[in-house]
Structures are given as structure tokens and as C-alpha cells.
Amino acid sequence: MSARPTTNLRPDFPSAFTEWYFLSVLALTLCLYLTRAPSHPALLTLEWVLLIEANVWIFYYLLLRGFLETRYTIFHPAEYLLTFPIVLASVATLAALITGRPINELLVDAVGNPQKGDAVGVGVAVASLFYLGVAISVVLSSHPGIKTRSPQNLVIIGAGDVTINRTLPGLLALGYDRDDILVVTADEATQGDRATIERRAARLLVAPPDQVLRTSLRERSPTVIASPTAAHFGQVTQLADAGVPFAVEKPIVWSRAEREILRAQPSLMANGFALSYYSLEKALPLTYIMNPLPVYRRFLISEPASLIRSTELAAARETLGDLVSARVELLEGVSRSPRGQQRLWTELPGTLRPFVETTVHPLLVIRHVTGEAAPRWDSCVIGRYAPRAREILDATGQEIAPTWIEAHGTIGDARISMRVGKYVPDALTRRQASFEFTHGGITCDFDARTATVVVGGETLGTVGIGGGSLRTNYAVLMSMFIEFSLNGWGAVRFDDLPRQLDALDWWDDLCSRVEAVGVPCHSYENAPPDAPATPL
């Protein structure tokens, strides 16, 4: 008997003992049947005892036990499925011995063809119906059935720039086609956007705002939320309530209050994937160096090849020592910045806070390296691109948000700084980061999607995104989301939800300091503002 914890009200009796017992009974009865031993009262009594015992086992364990013992477990789902045929074979052999009939005649009776007036044959036919019902019950309760997977068609909420230029190309690179993708938008898409979406092989559906999730909820299709940030929280709640797997574009929610709800109610994002184009794609090599999850490794290569091994990375990271400084630059040219009426929600209202749509990337990259301690902001410079400001002022009568920030601060003993800008001259555009440690450093090229580790002035190697379709924008990010939507998180969550929530808090803190101090916003026409930093 086992002394392990159990839900049974009586001691566990290993199923192997029962199986060996009935195998012994079957072997004994087969020997008696094949040798045609002369009938003896003692032997006949034994046969009757074994027949009754076998039927009691069938009747109780396979039919009644679930009703009479409210708490019990078996060792394996197939335990009764395997034992029942052995017991049934023993019953058939014992019946043949007791009645003196060959087994083949009993089989004729069992399939419902007894001789007229043959009471024994009729009894066998009735018993066979009972055994058939038991067999069906055993199969239904034991067989695991055929597992189904989640739908592989995708719904995208929002028909904006991110959907057209990133999400759709990434999905196409992964093998999705027109019939697999439905783009739903609450606003009437322009003819240009309609044509672009059709060229990118996706169907388009225009629906009222309160019905954009109807397809996702009805078909339970994995859904990418690429709508304006203000709509995210309500859509997340609806999809979470329905248990539909979904992904949410950054920034995941707008307000600190919404972020606190996400932290306090983990179930809201249990089926949700927090998308982050930089930390989970462009900066994935750095993310892997700092957080070497196996799910990241399959997208990466390294030179030398051995550097990507977790043991070597751990040794390199230990050798680097403590962080001294972190600097991230994300300067986007005019061609990659909002144009016309596109992405206005990232520029309105005219405060610094909407700029989070871009600044969340460097903050999240810094968060990966420095940890969860919040920065202390010391100074910053803020600017607004004058041509774009005039364009939107003429079109809407509103001032746009700043388009440039350079901020400095500290986290512990480490200095941190970031420069983020839109509408920057092409000659000044750059997307990179550098981290200085006491014994070396890590440099990141976000365009090349690489991270290079240097220790003691000597380059240990470079980690980068693999080739082929993985080089397509959003291919890595969408591949991670699809893996999650089909198979769940597994042992560990591999998106950036906790870190993104922290990075968004950091941005709110910086915006609050800027508002409290009254940092001026400098207008610039071409080059970024060349003004002294304002202390915070």
C-alpha cells in the first residue's frame, strides 16, 4: 500500500495488482478450458466464485463506484480500459466451462442469435448487452479524445500604420494569406488604406465601435489589438472575459490607474500578450542576454556560435560587473513619422504624455538592463517640430505633443540618458543603445538587430536575429504571439508585460516632473533643438 498523499478515502491499491490477478485467473481458466478437465464439484464451485467475482468487479468498479465513492482517483486514465478486456475474457472462458459450451457457440449467443427456447443462450445475449454498455462507458470515461487547437485565423483590430506596415508583412512572412487575416476598423478606412490592405492580402471589415470585437468573440479567433491606446483597456477586458487569446500593441494602456488594475488582476492578461517591437524584436538580442529564455533563443544566432549558450552568456554577464551608464537613442526621420491625419492619436493632446508611443521603447530597453528600480530624473530638453505643428494646427486647430526629448537621470549608481525624436533629418537618424559596465560594455544596433558584448576591451561576440523571414518587421513578434495563442505560456511568461508597465510608470513620473517644473518646449525646423537642459 502507498503512503503517498491521495484523494481516496481508503488506502490505494495499485492497479498492477488487480491486472496481475485477473491475468492469473484468465491463464487458469484457459488451461482448464483447453485441457477439457473433467468437471468436479470443487472445481465448479471455484469457477462460479470467479465468475461472480469478475461480474461484481465490472458492475461495481465500472458502473457504481462513481456514485457511491464521491472522492477517489485511479492511477491512470487507461487503467480500466486495459483491465476490462482481460476480465471479460475471463468471464467468457468461465461461462464456457460452467455451461459446457464451446466459446464459439457462446459468441453466437452473445451477438444476439441464440437458439429458440434456449434459456442459456438468451441469458448470454442479455448479458452481452450489459457488457456492451459497460464497454461504451469505459471508453468514454478513459479515452482522452482528439485534442483540438485554437483557430489559426487572426483578427486585427485597427487599420492604421502599424497594421499595414508591420503586422501584415510579419504575418505574410510567416505563411499567412488573405483568408487567414481579418482587419476590423471602427472608422471608415480611406480608399488608399483599403487598397493597401488588399495588396497585403487581408480582408477588411468596417464596424461600429461597439462591434469591432464581434468576430473575435464569436469565433474565438486570436486577436491583435492595434487600435488607439485609449480603447485598449475596454477591449482587453472584453477579450479576457471571453477567454480569447489576444495581443496588445504598446503602450498597453493609457493611465496609471489602468496599469494598477492590470497588476492587481493578473487574469486580465492571462490570455493576453503585451507586444513590444523593440524589446521583443529589434532589441531581442539584448533582451536574451539579460533574460535568456529558451523561447527567445530559437530566433537568435551568435558569432561565435558558442556565445548564445546560456552558460557562456551568464559568465560574460558576470564578468561585465556593475552597470555604470546606459544611453539609448531613438531618432526617427520624417519618412517614419506621422503624416497627414495618420496616427493623430499619438500626437494629441498637445502635452508631453502622448509621446509615450515612441518613448516607451527606450525606457523598456533600459528597464531590461537596470531592473525594476525607478529612475531619478535630473534634467531634460523638450522640442516640437514646427512644420508638423503648423500642419496639424491648421487642420485641427490643436497643438501637437512634443516630438523631441532628451532626458538624463540615475538609477542607483548608474547614469541613464535617452534621446528620442521624430521628424529628424535623415543624416541624424539613429536607433542604438550603449551600456557601460565596470569591466566592459554592450552596444546595440536596433536596425541591424544585434547586441555586441565587450569585456576588458576585447569583443566576446555578437548576438543577432536569424536570417530569412525573421528579418521581416514583426515576424519574430508575431511568431511569439502565435506560439502563445496556440500553446499558452508554458512554464514561464515570455512577453514584456511587467517591464512595460514599469516603463510606462517611469514615463508618467518624468511627465509629472516636466509639468511641475514647467520645462519649456523649444520649436525646431530642421535640426533638433540645441538648448540647455532644464533641471528637474
Side-chain angles (χ1 to χ4, degrees), residues 140 143-160 162-164 166-168 170-187 189 197 200-250 252-253 258 261-262 265-276 280 295 474-497 500:
L140 291 177
H143 196 278
I146 300 173
K147 293 182 179 180
T148 59
R149 61 184 178 182
S150 302
Q152 287 188 286
N153 55 304
L154 289 170
V155 176
I156 303 173
I157 307 300
V162 170
T163 295
I164 293 172
R166 295 180 184 174
T167 309
L168 289 178
L171 291 172
L172 294 176
L174 296 175
Y176 280 76
D177 58 32
R178 179 181 178 81
D179 292 334
D180 298 325
I181 307 169
L182 175 64
V183 177
V184 184
T185 179
D187 299 319
I197 289 173
R200 298 291 170 87
R203 296 168 288 144
L204 179 67
L205 173 65
V206 178
D210 60 343
Q211 296 184 28
V212 293
L213 293 180
R214 182 172 54 186
T215 301
S216 301
L217 299 174
R218 181 181 66 247
E219 300 181 6
R220 304 185 64 80
S221 301
T223 300
V224 178
I225 299 175
S227 54
T229 303
H232 286 184
F233 189 71
Q235 293 168 348
V236 164
T237 303
Q238 290 184 65
L239 292 171
D241 287 344
V244 176
F246 61 91
V248 193
E249 274 293 348
K250 54 74 192 170
I252 185 169
V253 290
E258 291 170 337
I261 293 174
L262 292 182
Q265 302 292 334
S267 61
L268 284 174
M269 286 296 290
N271 289 316
F273 190 103
L275 296 173
S276 179
L280 296 181
V295 69
Y474 261 49
V476 171
L477 196 57
M478 286 295 101
S479 182
M480 287 188 194
F481 169 57
I482 293 165
E483 167 73 18
F484 156 72
S485 68
L486 293 176
N487 301 314
W489 290 118
V492 61
R493 188 179 187 112
F494 50 86
D495 68 344
D496 251 352
L497 174 64
Q500 186 179 146

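Residues passing the ring pair (Phe, Tyr, Trp, His ring centres under 6.0 Å) test with Y474 are Y277, sequence neighbours excluded. Every residue two or more places apart in sequence or in another chain that forms a side-chain hydrogen bond (donor to acceptor under 3.5 Å, both in side chains) with R493 is listed here: D495. Under the rule for a side chain to side chain contact (heavy atoms under 4.5 Å, CB included), the partners of T215 that lie at least two apart in sequence or sit in another chain are V155, L182, L205, R218, E219. Checked against side-chain hydrogen bond (donor to acceptor under 3.5 Å, both in side chains), T163 has no partners two or more places apart in sequence or in another chain.
To the nearest 0.5 angstrom, I156 atom CD1 is 9.5 Å from T223 atom OG1. The CG atom of L154 lies 6.0 Å from the CZ atom of F481; values are rounded to the nearest 0.5 Å.
Between M269 and W489, the shortest heavy-atom contact is O-NE1, 4.3 Å.
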Identify every side-chain donor-acceptor pair in residues 206-213 under 3.5 Å, counting partners at least two apart or on other chains, and give the distances.
residue	atom	partner	partner atom	Å
Q211	OE1	R214	NH1	2.7

Distance-only criterion, 3.5 Å: show the donor-acceptor pairs between side-chain atoms of residues 232-245 and protein atoms not counting sequence neighbours.
residue	atom	partner	partner atom	Å
H232	ND1	P251	O	3.2
H232	ND1	I252	O	3.0
H232	NE2	S227	O	2.7
Q235	OE1	S227	OG	2.7
T237	OG1	F233	O	2.9

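Side-chain contact between L171 and V224 is absent, with no heavy-atom pair separated by less than 4.5 Å. Side-chain atoms of M478 and L275, non-hydrogen and from C-beta on, do get closer than 4.5 Å to each other.
Counting only distance, with no hydrogens or angles, the side chain of S485 and the backbone of I482 share a donor-acceptor pair below 3.5 Å.
The aromatic rings of F484 and F273 are tilted relative to each other, their planes meeting at an angle between 30° and 60°.
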